[in-house]
2 protein chains.
Amino acid sequence: MSVQERKERERAVRERLIVATARELAEQQGWDAVTTRRLAERIEYSQPVLYSHFRGKREIIGAVALEGAAELAAVVRAAASAADGPRERVAALARAYLDFAERNPAVYDAMFQLEGGLAFAAEDTPEPLKDAFAALLESLGEVAGDGVHPGLFTELFWAALHGVATLTRAGRLPPEYLEPRLELLVDRLAIT
Amino acid sequence: MSVQERKERERAVRERLIVATARELAEQQGWDAVTTRRLAERIEYSQPVLYSHFRGKREIIGAVALEGAAELAAVVRAAASAADGPRERVAALARAYLDFAERNPAVYDAMFQLEGGLAFAAEDTPEPLKDAFAALLESLGEVAGDGVHPGLFTELFWAALHGVATLTRAGRLPPEYLEPRLELLVDRLAIT
DNA sequence: TTGATTGTCTAGCGATGCTAGGATCGAGTC
DNA sequence: GACTCGATCCTAGCATCGCTAGACAATCAA
């Protein structure tokens, strides 16, 4: 069975290569530039190989999104654990979130803008997505305020962050006032 | 000069027909279904006619977005003027905004999700977009709180609404708690 | 060595946004 | 009223897209 195991290992390596290449290409030239042909050429295989790993382009985007969700969760947790006190923890979390969105625009798009074929807030929601939300909940739950459901509060805070992130990156909000915007958001929403 | 004027009038009518048809098709079957061929067929002209009015598909989306911005501004103003007191005005505004996004998903996408080739928060921002923001500012400015720049506050509130609207419609937020989410948003952000 | 299975590639389908070039029509002139 | 000429529109086609069928090659068991 060793030879079969080797093949499976090689397949897994190639699958990671596909996802990493798609992500790299998307960050470099945008998701429009990520065509199956270009992607196949970069990994030095033919197009049909992609379809032996994923159902289609959407699933590749979804794979990048899952990878991003795991990273976002880690980034958020790291920022929160490095800050002292609830208020500073939330501010650090917000900064880390917006920073992640700014530094990884293509990944962020894969997660929230493009249809990656992922289910949210449902039974079959993939683990990384649930965990990313959990990471937010850990720090945000403690500043929800009395009588306010922590999950509901986290959803709202997250939505606000998401709105700021997307509108800023789409050129809809002037980027220079990002910091005061963030301070205002934390001061108003979080109850410490 | 009468014949030339008539031609210009007919051209204007046809241009409105294109935009209206694109919008209708997008609301019915989504923007993916709005292809230049289908659009041309619906208006009973050939494809190249579209390109005599717009540079490309993006500009058509942009035209729909401008139309939507004007409607959104009107909807927001109507809701605000029908409510008594700052707090209720803001709540009515938020409800109207989210309601608009839910009832006109394709138009909302054209405005904020798809690249319609429109400039925001800049010198050459089209008038309807500026006016939509102004409509928000009129009601939101009065609840910004002391020492907080009204424009900055409006941007933040808008971003929060936008986040709730997009995440809800994308299935990222459970829709059943929309009302309490809205109440929480208004209670926390607005200072009355 | 042979036969079968697994893996990969070439070639192609239908559809996309967009455009070049020819056909057609109608306004203005004799 | 016939004719010219410019504006207007359509047919046909290009390059590219996501995706797939079928031929081919490599690898394994017998």
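Note that the structure is a prediction, hence the values are computed from the model and not measured. Chain identifiers are assigned alphabetically (A, B, ...) following the order of the sequence lines, protein sequences preceding nucleic acid strands; residue numbering begins at 1 within each chain.
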Enquirer: Rounding to a whole Å, what distance do you find between A:Gln29:CD and D:dT16:C1'?
Expert: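 That distance rounds to 15 Å.
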
Enquirer: Do any pairs count as a ring pair (Phe, Tyr, Trp, His ring centres under 6.0 Å) and have a residue in residues 162-184 of chain A, sequence neighbours left out, and if so which ones?
Expert: A:Tyr108-A:His162, A:Phe112-A:His162

Enquirer: Which salt bridge (charged side-chain N to carboxylate O under 4.0 Å, His left out) pairs, counting each pair once, include a residue from residues 156-169 of chain A, with sequence neighbours left out?
Expert: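 For residues 156-169 of chain A: A:Asp109-A:Arg169.
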
Enquirer: Strictly below 4.0 Å, heavy-atom distances to any atom of DNA chain D: list the hits from residues 34-56 of chain A, or just say none.
Expert: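 Contacting residues: A:Val34, A:Thr35, A:Thr36, A:Arg37, A:Arg38, A:Gln47, A:Pro48, A:Tyr51, A:Gly56.
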
Enquirer: Looking at residues at least two apart in the chain, or sitting in another chain, which of them share a side-chain contact (heavy atoms from CB on, under 4.5 Å) with A:Ala73?
Expert: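 side-chain contact (heavy atoms from CB on, under 4.5 Å) list for A:Ala73, sorted by chain: A:Arg77, A:Asp131, A:Ala132, A:Ala135.
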
Enquirer: Using side-chain hydrogen bond (donor to acceptor under 3.5 Å, both in side chains) as the criterion, list what pairs up with A:Glu71, not counting sequence neighbours.
Expert: A:Arg23

Enquirer: Mapping A:Asp32 and B:Arg14 to their closest nucleotides on DNA chain D, which lands nearer the 5' end?
Expert: B:Arg14

Enquirer: Report the distance from atom CD of A:Glu10 to atom P of D:dT27, rounded to the nearest whole Å.
Expert: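 Value for this atom pair: 11 Å.
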
Enquirer: Between A:Lys57 (NZ) and D:dT20 (C1'), how many Å, whole number?
Expert: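 Checked: the NZ to C1' distance equals 17 Å.
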
Enquirer: Treating A:Gln47 as the side-chain partner and A:Thr36 as the backbone partner, does any N or O pair qualify as donor plus acceptor under 3.5 Å?
Expert: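 Pair absent, no side-chain N/O of A:Gln47 close to backbone of A:Thr36.
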
Enquirer: Per the side-chain hydrogen bond (donor to acceptor under 3.5 Å, both in side chains) rule, what does the pair list look like for residues 142-152 of chain A, sequence neighbours excluded?
Expert: A:Arg89-A:Glu142

Enquirer: With sequence neighbours excluded, tell me which residues meet side-chain hydrogen bond (donor to acceptor under 3.5 Å, both in side chains) with A:Glu41.
Expert: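 By the side-chain hydrogen bond (donor to acceptor under 3.5 Å, both in side chains) rule, A:Glu41 matches no residue at all.
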
Enquirer: Name every residue in residues 17-27 of chain B that has at least one heavy atom under 4.0 Å from any atom of DNA chain D, in order of residue number, or write none if there are no such residues.
Expert: none

Enquirer: Using the side-chain hydrogen bond (donor to acceptor under 3.5 Å, both in side chains) criterion, which residues pair with A:Glu44? Sequence neighbours excluded.
Expert: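 Partners of A:Glu44 under the side-chain hydrogen bond (donor to acceptor under 3.5 Å, both in side chains) test: none.
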
